[in-house]
Amino acid sequence: MPAIASLEDARLVLGEVFGHAEFRAGQGEAVQAAVAGEDALVLLPTGSGKSLCFQLPAISAFSAGRGTTLVISPLIALMQDQVDALRGLGVPAAALHSHQGDAEQQQAVTEFLRGELVLLYVSPERAAKPSFRRMLARVRIALLAIDEAHCVSQWGHDFRPDYLRIHELREVVAAPAVALTATATPLVMDEIASRLELRDPNVVRGDFQRPNLAFSVQHLRGQDARLEALRAALAADGLRSRSGAGRAIVYCSTRKATESVARALRAGGFPATHYHAGRTKLARERAHQAFAAGRSRVLVATNAFGMGVDFADVRLIVHFQTPGSLEAYYQEAGRAGRDGAPARCILFFGPGDLATQRRLAAANPTSRLIAQRRSAALEAVACYAREIRCRQQLICAHFTGSDEHAACRCCDVCLDADAVAGAQAEEAPSRPPVTELPSEATQLIVEAVDRLRRPVGKTNLARALRGSRAKSLSRGGLLTLPEYGKLAEYSEASIVAAVDALLAAGRLQKTGRKYPTLWIPGKPVRAAPGARTRTGTAQTPRRRGFSTRAGPVARALDNYRKRTARRLKWKAYMVFQRRVILAIDREQPTSRAALASIPGLGPAKIERFGDDILALVREHGGSQRDFE
Ligand code: ADP
């Protein structure tokens with residue numbers, strides 16, 4: 001195998017080892033960066049040939065005597081496929097994972113320690129083990145490749161906690177790193193670079209347009225309408241019969257749905273099977289094999305059937321239910337048409353889908369930052385479904401942050417925008433739709449709760465904000481709220497949906513076990529005495545400012561948050577809450593790491609305000625402290 005000095009040499013390896021005539025878009029740049037020993041961050045769509053971006057430099061580095069390339073990969077199946085393919089090409093590669101027998105593991109370790117491997121694949125969990133790290137120190141490592149790097153993003157759909165520890169490897173291994181993903185917004189790209197501690201990485205951003213994929217959205221309510229549309233789509237692609245070319249994947253949000261949809265399809269004569277993580281290993285393997293062999297041409301699956309799936313002739317991908325983010329959607333839909341021939345990607349969308357996703361998010365409380373980003377991700381899917389704009393243009397803009405993408409000319413909007421708008425209007429439910437509330441209205445909800453003397457249920461709150469005279473509102477000061485009746489123009493369901501989003505984002509919290517009620521996070525439930533006037537009107541129980549009893553750090557931070565809130569047009573508590581100020585005053589942190597242990601101060605806040613906070617603590621803290 002020749003060593004590589006230039007892109008021309010790389011092209012030779014591309015032909016000789018991989019049998020490809022030309023680099024695909026993005027591959028050349030990524031290979032060049034890695035061969036030059038620089039870090040790289042590669043964003044290329046699924047199926048575009050990302051693995052070659054580190055496999056080819058691995059071969060080059062090995063030939064030049066620089067050692068083995070270590071690949072961190074999140075899935076055993078993914079590792080094994082790549083190892084098999086590389087061995088088939090005559091490239092010595094191995095994987096280390098928990099599904100191997102002792103002998104196989106031992107052989108991989110021996111080959112690795114002898115420096116015989118061009119590539120070694122390991123899981124992030126394995127890479128974090130001290131024993132593995134000790135072994136790494138004994139072998140020359142040429143390159144660190146991190147596949148599916150978006151798994152490092154805590155809010156993302158594929159988050160893997162051990163990805164957060166990969167950066168530690170850089171202390172053990174003096175080698176450039178290349179991180180690869182098919183699914184990252186500009187924000188997630190930044191997160192990948194910072195969490196993996198990439199050094200001034202070359203960023204390679206591929207073209208996200210997939211000219212052979214025709215995207216469309218169908219606005220549908222209810223299971224029956226969706227099943228009917230699904231059967232029609234499958235039949236139109238000739239997927240009713242057992243024989244014929246091509247196959248289809250139908251993605252559902254829940255395991256139960258995969259079972260019922262597959263059952264309904266089989267009852268209609270479609271060769272369908274289902275796949276989800278709750279099935280036994282044997283059943284999953286059978287479903288996979290039946291689909292691979294073409295006995296079941298339709299696979300109904302949850303997102304467990306995902307990364308590493310590589311069937312060239314998937315002609316149709318239907319999302320029976322709306323996924324939680326556009327990243328998840330595009331990654332799943334992108335599995336269609338990998339052979340370059342025309343394929344269709346259809347999203348079924350209904351207002352109920354968003355409510356379901358919000359409910360799921362509210363039922364799984366998580367950090368505020370993650371909840372906010374999940375909520376934003378859901379908004380992006382809704383926007384994709386509702387906007388009358390070229391579907392691929394919208395997706396590309398989402399991923400690249402640029403609006404300069406040509407229209408695809410094959411999605412439903414490009415083909416007939418009027419028909420799409422008409423169908424969307426027709427499917428709008430007859431009862432008042434759940435509309436998104438503008439930010440002023442959601443802010444008003446938070447203010448109303450903040451003003452209350454005690455927690456209230458969300459339905460009662462929604463009714464009060466709509467101006468209802470219901471008896472149930474007579475308690476708790478709801479009828480005398482200044483915000484009473486201010487949201488009369490919105491439906492109760494819309495206000496309740498907005499409350500759910502506020503809960504998911506952590507701006508409101510639930511209290512009480514038997515009857516969950518709403519409250520402001522961190523605010524004591526009992527208002528300070530005197531917060532009520534004689535007429536019973538609830539005054540804002542919010543405390544203003546910090547008394548002179550508070551330490552200088554607390555006062556300085558309070559002034560800082562007020563200034564910042566004015567500048568950003570935020571409420572002061574959105575900069576950080578009073579309890580955060582008190583905790584900083586108490587702990588007097590002197591580093592970003594110490595700030596991270598202050599409850600209520602997440603990574604985004606630290607990123608944005610951390611340096612200012614530390615400067616204020618330095619300036620006002622220490623001996624000047626007089627607050628206990
Ligand atoms: P990804 O990881 O981006 O989803 P893969 O690395 O699995 O994609 O590659 C997808 C397919 O593209 C593979 O079958 C691979 O052999 C093929 N491929 C990769 N690079 C090239 C190239 N330069 N020319 C032709 N085919 C390629």
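Just so you know, ligand 1 is whichever comes first in the structure, and atom 1 is the first atom listed for that ligand.
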Point to revise | Backbone of A127 reached by a side-chain donor or acceptor of R133 within 3.5 Å | key: yes
Check your understanding: Once you round to the nearest 0.5 Å, how far does SG of C53 lie from CZ of R24?
Key -> 10.5 Å
Exercise for review: Between H20 and ligand 1, find which residue part has any heavy-atom pair under 4.0 Å and reply side chain, backbone, both or neither.
Suggested key: side chain
Point to revise | Contact partition for Q27 relative to ligand 1, non-hydrogen atoms under 4.0 Å | key: side chain
Check your understanding: Is there a donor-acceptor pair under 3.5 Å between the side chain of H319 and the backbone N or O of Q321?
Key -> no
Revision key, fill the gap. The closest protein heavy-atom partner of atom 23 (N) of ligand 1 is E22 O, 2.8 Å
Review point. Will you find, in the side chains of Q55 and Q82, an N or O donor that is under 3.5 Å from an N or O acceptor?
Key: yes
Point to revise | cation_pi(R297, F291) dist<6.0 Å, angle<=45 | key: no
Check your understanding: Looking at atom 11 (C) of ligand 1, what's its closest protein heavy atom, distance included?
Key -> R24 NH1, 4.1 Å
Review point. Does NZ or CZ of R335 come closer than 6.0 Å to the centre of the six-membered ring of F311, within 45° of the ring's axis?
Key: no
**Study point:** Test of proximity, G49 against ligand 1: N or O pairs below 3.5 Å
**Key:** yes
Practice item. Return the residue, atom name and 0.1 Å-rounded distance of the protein heavy atom closest to atom 3 (O) of ligand 1. Key: K50 NZ, 2.7 Å
Review point. Among the heavy atoms of R338, does any lie under 4.0 Å from an atom of ligand 1?
Key: yes
**Study point:** Between H97 and Q105, a side-chain donor and acceptor under 3.5 Å
**Key:** no
Exercise for review: Starting from atom 10 (C) of ligand 1, locate the nearest protein heavy atom and write down its residue, its atom name and how far away it is, to 0.1 Å.
Suggested key: G47 O, 3.7 Å
Study note, to complete from the structure: min-distance protein heavy atom vs atom 6 (O) of ligand 1 -> S51 OG, 2.4 Å
**Study point:** Is_contact(atom 13 (C) of ligand 1), protein non-hydrogen, under 4.0 Å
**Key:** no
